[in-house]
Amino acid sequence: MLRTHTCGELRLSDVGKRVVLTGWVSRIRDLGGIRFLVLRDRYGETQLVVTPESSAYEKAEELGREYVIKASGEVKSRPQDTINPKIPTGEIEVYVDEMEILSPSKMPPFYPGEEAKDDLRLKYRYLDIRGGKVLKNLELRHRVTKSTREYLDSQNFLEVETPYLTKSTPEGARDFLVPSRLKKGNFYALPQSPQLFKQILMVSGVDRYYQIARCFRDEDLRADRQPEFTQIDIEMSFVEREDILNLVEGMIKKVFKEVVDVDLPEKFDRLSYEDAMNLYGSDKPDRRFGMEMKDLTEFFKNSSFKIARSVVDNGGFAKGFVIPNFSERMSRRLGDEFSNFVREFGLGGIVWFSLKGGEITSPTKKYLEKEYIDISRSLDMKEGDVIVMAFHRDWEELCTGLGALRIKIGQEYFKHLEKGFDVLWVVDFPFLEWDDDENRWVARHHPFTMPVLEELEKFKNDPGKIKALAYDIIINGYEVGGGSIRIHNREIQEKVFDLIGLTKEESIEKFGFLLEAFEYGAPPHGGIALGLDRLVAIIAGEKSIRDVIAFPKTASGTCQLTGAPSKVSEKQLKELGIRVEVKE
RNA sequence: GGGGACGUGGUGCAGCCUGGUUAGCACGCCGGUCUGUCAAACCGGUGGUCGCGGGUUCAAAUCCCGUCGUCCCCGCCA
C-alpha cells in the first residue's frame, strides 16, 4: 500500500507516529507562511500542515484542488484553540515533510459535494460520487446487501445465478431485446425478473433460493424506476403465505436494525387491497400523513346537487378526507388547483368546505349546505378542519384520484409528518384486472400467481372478483416488494392462461417448459422480490433511486457518462443480420 | 403518446411577466498581502455569441414557433 493510514482514522492516540496518507486535495488554505491542506478519501478528511521549514513546502505550491497526492509526515496534536470539532480527525494534523503528486487534476466542472445540474453530475459521475452523498449511499447499499445475504444464508438459502440472456415472454413489461448472431433473426430478451427460473429451481429441489438479481424493463422511467434495477429475489418450497411474510419481516427488521439501528415493529401491519384503496386510495399507502378517506355516498343519495346525485344514483360513489387544521390555508384558488390535479386521474374535480368560526365555509355552500352540515357532524370535524370530496362512477378511479391528492397535500403541507418508517403488507389483491386496450383480463401480479382456488370456480363468470395469494410490502408509500404463492400444477396454470386469453398454442410456445416441469414433481412454492434500489433509497432518505445507483440512466434512458445508447457499425449490424430503418 | 418546470461565464442563481444602457449576484479560477486556517480573510483581476434553429420588431436573454437536453407527473411499469 502507498499509505499507512486512511484520511479518516488518525486520532490523538496516534500523535507522534510517522504516517503516509494518500487522497485528494479538497481544500487549500494558504496563509502565506503556513499552508493547510485538507486531504480527502472515502474514509474522511485529515488536515495537513506544510510549514516553510518543510522540504515539501515548494511542492505544496504546485498543488491544485482534486490533485491526488501522497504525503508523509508526523501526526501532531492541534493547539487547543485550533481543534476542529466538526470532523473526527479534528484533534490532530499531519506535519508534512515529504510530498508526491500522484496525479494532477484539471479544474473540474464542479467540485465534489458542490451543487450541479443532474446531467452534468451524471456526465462527471466520478466527481459526483467522490466525497459526495452518493458514495455514502453506495456504502449503505453495500451494508443492506451484506445484511440480506447473511440473513438468507442463516435461513438455509442458496444464492443461485440465472441467465441474463433469456426468452421474451408475452406478459408484463416490454422486453429489452438482444439479437442473436448465431441464429440470425432471433432474439434473446433480458429478464424482467428471474421469475420462471426461480420456479424451475424449486422443481429442481433447490428448496430455498435467493439472488441479488438485475432486472430489465423497457418502460418509461420515473424517480423510482430505472430501465435496469436490482431485486432481492427470493423463492421457497413447501410454504404458505405466512411463511414468506414471516421470513421477509425477519429480514427487513434485521436490515433496518443493522444498517440504521431502527427497530421496526415485531409484526408488520396488514391491510387488504380493498381497505388500502378505501382508506388511502392507493395499493401502496403512506399512512404517515393520516387523513384517512371516508365513504360519503349515503350523504348524497337525496342531494339536490345534481352532479353528486346523478353519480350516486347511477351506482357511483362519494368519498372524501379531512385535512386537519387547514382552513387558514384553504382557498377557492387552492380548491381549483386540487380539482385540476384530480382531473389528471380522470375525476371531474373536487368540492370542499371548511369549518371556520363554527360556520361552514365553501364556494359550494349554497348547493350543499345540508350535506355539509351532516358530514361535518358525522365525521366529528373540528374547528379549522377542511374536507375535500369527490364523486365518481368508478370506485377504483375515485379512490386513486383522491388518494393521489391526499399524498400531494401531505407532501406539500405536512412535510413534518414525512419521517420515520411506515411498513405494512398489502394482501388479498385481485387476481386479474381488465385491460381496456387489449380487451382482455390480465394478471395483476403475474400469471404464475396462485388464485384463491374456491373463487376460481365460484367467479368464473365474474373473474374480477377472484383474489390472489399475492402480497406487497410497502414502506413509506413505496412498493418495496411483491410476491405470491405460485401455481405448481399444470391444470391450474393452463386454466389461468386460458382466463387471460392465452391460446393453448401460445402458452405452450411461450411457457411450455414451465408446464412440462410441473409434470415432474413440482413442490408447492412461493416467493417475493424486493426492489433493492427503492429499499436503499428509502433508508437513505432519497427521493430518487438514481442517488443509490453508481451509474444510473436519465429519464430518457441515456447514460450521460458513456453516451449509451449509441449507433453501432454497419459491420456489427451485418453480423447480426439487422438492417436499421430510421424514421425521419 | 400527453402535461408541466427548467436551460444565462467553470458552478449555482437573478434578470424575462412589462423588449431598449456596459447582462447582475454569489461561489470558483488567476494574481497579490498574510505563520493557526478549517466554506480562511482582505485587495485586485479573469471569464458569458443568454441550449440550438427560425420568426416578430428599428431593437430579442426577454415575445412567438420549432428543436435538443435535464427533471417531475399522467399513460405505461405482469
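Residue numbering restarts at 1 for every chain, and letters A, B, ... go by the order of the sequence lines.
- Annotation: proximity of residues 431-444 of chain A to RNA chain B (heavy atom, distance under 4.0 Å) is found for Ala443(A), Arg444(A), numbered in ascending order.
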- Encode nucleotides 1-13 of chain B as B, S and - characters from 5' to 3', where the letter depends on protein heavy atoms closer than 4.0 Å: B to the base, S only to sugar-phosphate, - to neither. B------S-SSSS
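- Pairing for A26(B) goes to U11(B), judged as Watson-Crick or G-U wobble with the two contacts each under 3.5 Å.
- Contact annotation: Gln560(A) reaches the phosphate of U70(B) (side-chain N/O to OP1 or OP2, under 4.0 Å).
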- Task: Would you mind building the protein contact string for nucleotides 33-43 of chain B? One character per nucleotide, 5' to 3', B for base within reach (heavy atoms under 4.0 Å), S for sugar-phosphate only, - for untouched.
- Result: -BBBBBSB---
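- With a 3.5 Å ceiling on both atom-pair distances, the Watson-Crick or G-U wobble partner of C71(B) is G4(B).
- Distances shown here put a side-chain N or O of Ser556(A) below 4.0 Å from the OP1 or OP2 atom of U70(B).
- Annotation: Phe289(A) is not in aromatic contact with Tyr280(A) [ring centroid separation under 6.0 Å not met].
- Non-hydrogen atoms lying under 4.0 Å from RNA chain B are contributed by nothing in residues 483-514 of chain A.
- Partner assigned to U49(B) is none, using Watson-Crick or G-U wobble distances below 3.5 angstrom.
- Within the structure, side chain to side chain donor-acceptor pair (under 3.5 Å) pairs that include any residue of residues 482-491 of chain A comprise Glu235(A)-Arg486(A), His446(A)-Arg486(A), Thr449(A)-Ser484(A), Ser484(A)-Arg486(A), Arg490(A)-Glu494(A), Arg490(A)-Glu519(A) (at least two apart or interchain).
- Inspection of the Arg29(A) and Gln47(A) side chains reveals an N or O donor paired with an N or O acceptor under 3.5 Å.
- Ser566(A) places no side-chain N or O within 3.5 Å of a backbone atom of Gly563(A) that could act as its donor or acceptor partner.
- Taking atom CD of residue Glu337(A) and atom P of nucleotide C73(B), one finds them 16 Å apart after rounding to whole Å.
- Between Tyr164(A) and Phe216(A), a ring centre-to-centre spacing shorter than 6.0 Å is recorded.
- Judged by distance alone, the side chain of Thr166(A) and the main-chain N or O of Pro163(A) form no donor-acceptor pair under 3.5 Å.
- A gap of 22 Å separates the P atoms of C29(B) and G24(B), to the nearest Å.
- U33(B) and A41(B) make up a base pair, with Watson-Crick or G-U wobble contacts both under 3.5 Å.
- Remark: C63(B) base-pairs with G55(B). Criterion, Watson-Crick or G-U wobble with two distances under 3.5 Å.
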With the criterion being N/O to N/O and under 3.5 Å, what pairs connect the protein with nucleotides 46-48 of chain B, and how long is each?
none

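- In this structure, CD of Glu61(A) is placed 12 Å from C1' of G31(B), rounded to the nearest angstrom.
- Distances shorter than 4.0 Å separate none of the side-chain N or O atoms of Arg343(A) from OP1 or OP2 on C74(B).
- Going from atom CD of Glu66(A) over to atom P of C29(B) covers 11 Å, rounded to whole Å.
- Using C1' as the reference atom, A39(B) and G75(B) are 46 Å apart when rounded to the nearest Å.
- Contact annotation: Arg174(A) does not reach the phosphate of G75(B) (side-chain N/O to OP1 or OP2, under 4.0 Å).
- C64(B) sits 7 Å from U56(B) when the C1' atoms are compared, rounded to a whole Å.
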- Please report the C-alpha distance between Phe448(A) and Phe511(A) in whole Å, then the side-chain angles of each, then the deciding distance to 0.1 Å, and finally whether the ring pair (Phe, Tyr, Trp, His ring centres under 6.0 Å) criterion is met. CA-CA 10 Å; Phe448(A) 317 105; Phe511(A) 303 112; 5.3 Å; yes
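- In the interface, the side chain of Arg217(A) is not paired with the base of C76(B) through any donor and acceptor atom under 3.5 Å apart.
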